[in-house]
Amino acid sequence: MTRIKVGVFGAGGRMGSTVCQAVAADPSLELVAGVDTHHSGLELSRVAGVTGVDVQVSGDPQTFVDRGAEVVIDFTDATAARENLVWLARNSIHAVVGTTGFTEGDLDSFRKEFTTSNCVIAPNFAIGAILMMRFAEMAAPYFDTAEIIELHHDNKLDAPSGTARLTAERMAAASGEWGDDPTTNTVYDGVRGGIGPAGIRLHSVRMRGMVAHQEVILGTTGQTLTIRHDSIDRTSFMPGVILATKMIASRPGVTIGLDPFLDL
Ligand code: NAD
């Protein structure tokens with residue numbers, strides 16, 4: 001069996017090392033290279049806790065070309081990933097991207113760059129989170145008010161989370177008719193959260209001990225609906241990352257979100 005050759009940007013990070021372990025454990029994938037600016041020169045086995053892989057972490061993406069990577073997975077940060085993705089596109093390597101914090105302008109520029117290879121950018125690879133977004137979008141037209149509360153670990157750099165943003169965008173696209181906020185006096189700045197698409201409010205909680213969690217609360221006369229998803233471990237994202245890695249070669253252009261890969 002020919003295995004897909006896979007590289008990882010951010011191989012030494014919290015997500016990147018979990019991704020390295022998942023790729024190394026999959027019989028149809030081969031982990032050929034890891035790039036991480038802060039762990040360059042170290043053994044990938046030590047940095048990412050993978051066994052049976054004889055690869056040194058590099059600080060130079062050229063290693064992906066040298067080792068024949070067909071797909072590269074990126075879990076870094078938005079500033080680094082902006083460069084990484086352009087580099088991958090220009091080297092005709094498929095990209096599976098979990099990094100969050102991109103602007104609409106970034107997505108437009110990625111769409112222009114990925115002409116000879118493909119790219120999927122998913123702010124959340126957990127199946128439960130993908131269903132949560134779908135359910136929230138389905139519920140939106142039946143409710144008058146909605147707010148999104150996302151809760152993450154205290155090392156997260158961007159706010160709101162990519163998942164919260166995408167949820168709000170999809171709910172706003174499903175319904176533009178939301179009740180006005182009645183608040184006229186606030187004691188603390190920002191206490192009512194940030195105002196997202198169609199006026200849907202988003203609240204970002206950063207808390208030691210958390211991983212990635214989100215609640216979508218919808219309300220109408222006499223009833224509320226709460227849709228909640230919890231990722232309690234980073235392995236929750238791995239089936240989605242592995243699925244995207246296997247399917248990306250057959251999805252031309254830039255795909256946002258994992259839904260098209262799941263036939264939802
Ligand atoms: P982290 O800080 O633990 O890891 C990031 C790693 O990237 C670090 O090891 C860092 O050294 C490395 N890095 C930085 N710049 C680099 C560059 N130019 N080239 C190569 N490596 C570079 O962060 P994390 O918790 O692993 O999160 C990474 C990203 O993944 C964040 O944007 C986070 O929001 C996102 N995330 C997405 C999902 C999802 O399902 N899509 C789930 C969890 C986290």
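We're numbering straight along the sequence, starting at 1. Atoms within each ligand, like the ligands themselves, are counted from 1 in listed order. Quick note: numbers below take in every heavy atom, side chains included, and nothing from hydrogens, waters or symmetry partners. Note that the structure is a prediction, hence the values are computed from the model and not measured.
Under a 4.0 Å criterion applied to the non-hydrogen atoms of Phe125, ligand 1 contributes the atoms 39 (C), 40 (O), 41 (N). For ligand 1, the atoms lying closer than 4.0 Å to a non-hydrogen atom of Pro123 are 38 (C), 39 (C), 40 (O), 41 (N). Taking every heavy atom of Gly12 and a limit of under 4.0 angstrom, the matching atoms of ligand 1 come to 9 (O). Near His39, with a cut-off below 4.0 Å to any heavy atom, the atoms of ligand 1 are 9 (O). Close approach to His38 involves these atoms of ligand 1, each under 4.0 Å from a residue heavy atom: 10 (C), 11 (O). Residue Ala80 approaches ligand 1 through these ligand atoms, each under 4.0 Å from one of its heavy atoms: 15 (N), 16 (C), 17 (C), 18 (N). Counting the atoms of ligand 1 from 1 in the order shown, those under 4.0 Å from a heavy atom of Thr99 are 32 (O).
Protein heavy atom nearest atom 44 (C) of ligand 1, with residue, atom name and distance: Met15 CG, 3.6 Å. The shortest contact between atom 25 (O) of ligand 1 and any protein heavy atom is with Arg14 NE, 3.0 Å. Ranking the protein heavy atoms by distance from atom 37 (C) of ligand 1 puts Gly98 O, 3.0 Å first. Closest protein heavy atom to atom 29 (C) of ligand 1: Thr76 O, 3.2 Å. Among protein heavy atoms, atom 30 (O) of ligand 1 sits closest to Phe75 CD2, 3.3 Å. What sits closest to atom 33 (C) of ligand 1 on the protein, heavy atoms only, is Thr100 OG1, 3.8 Å. Of all protein heavy atoms, the one closest to atom 14 (C) of ligand 1 is Thr37 OG1, 3.8 Å. Of all protein heavy atoms, the one lying nearest to atom 4 (O) of ligand 1 is Gly13 CA, 3.3 Å.
In this structure, Ser117 contributes its side chain and Ile93 its backbone to a donor-acceptor pair below 3.5 Å. Within the 3.5 Å criterion, the main-chain N or O of Val32 finds a donor-acceptor partner in the side chain of Arg67. Listed for the Asp144 side chain is no donor-acceptor partner under 3.5 Å among the backbone atoms of Gly179. Panel note: side chain Thr18, backbone Thr235; no donor-acceptor pair is recorded below 3.5 Å.
Residue contacts with ligand 1 leave out Glu83, since none of its heavy atoms falls under 4.0 Å from the ligand.
Within 6.0 Å of atom NZ in Lys5, 12 or fewer heavy atoms from other residues, nucleotides or ligands are found, so the atom counts as exposed in its surroundings.
Evaluated by nearest non-hydrogen atom to atom 11 (O) of ligand 1, the leading choice among Asp36, Thr18, Asn124 is Asp36.
Of the N and O atoms on the side chains of Ser231 and Ser236, at least one donor lies less than 3.5 Å from an acceptor on the other residue.
We find that Arg82 and Asp106 are joined by a salt bridge, their nearest charged nitrogen and carboxylate oxygen being less than 4.0 Å apart. For Asp158 and Lys156, the salt-bridge test passes: some basic side-chain N is under 4.0 Å from an acidic carboxylate O.
For Phe237, every heavy-atom contact with ligand 1 shorter than 4.0 Å involves the side chain, none the backbone. For Lys156, every heavy-atom contact with ligand 1 shorter than 4.0 Å involves the side chain, none the backbone. Using a 4.0 Å cut-off between heavy atoms, Ala122 contacts ligand 1 through its backbone alone, with no side-chain atom that close.
For Thr226, the side-chain contact (heavy atoms from CB on, under 4.5 Å) test picks out Glu215, Ile217, with sequence neighbours left out.
Applying the ring pair (Phe, Tyr, Trp, His ring centres under 6.0 Å) rule to pairs touching residues 81-116 yields Phe102-Phe110, sequence neighbours excluded.
Side chains of Tyr142 and Thr220 form no contact here, defined as non-hydrogen atoms less than 4.5 Å apart.
The aromatic rings of Phe125 and Phe75 sit tilted relative to each other, their planes meeting at an angle between 30° and 60°.
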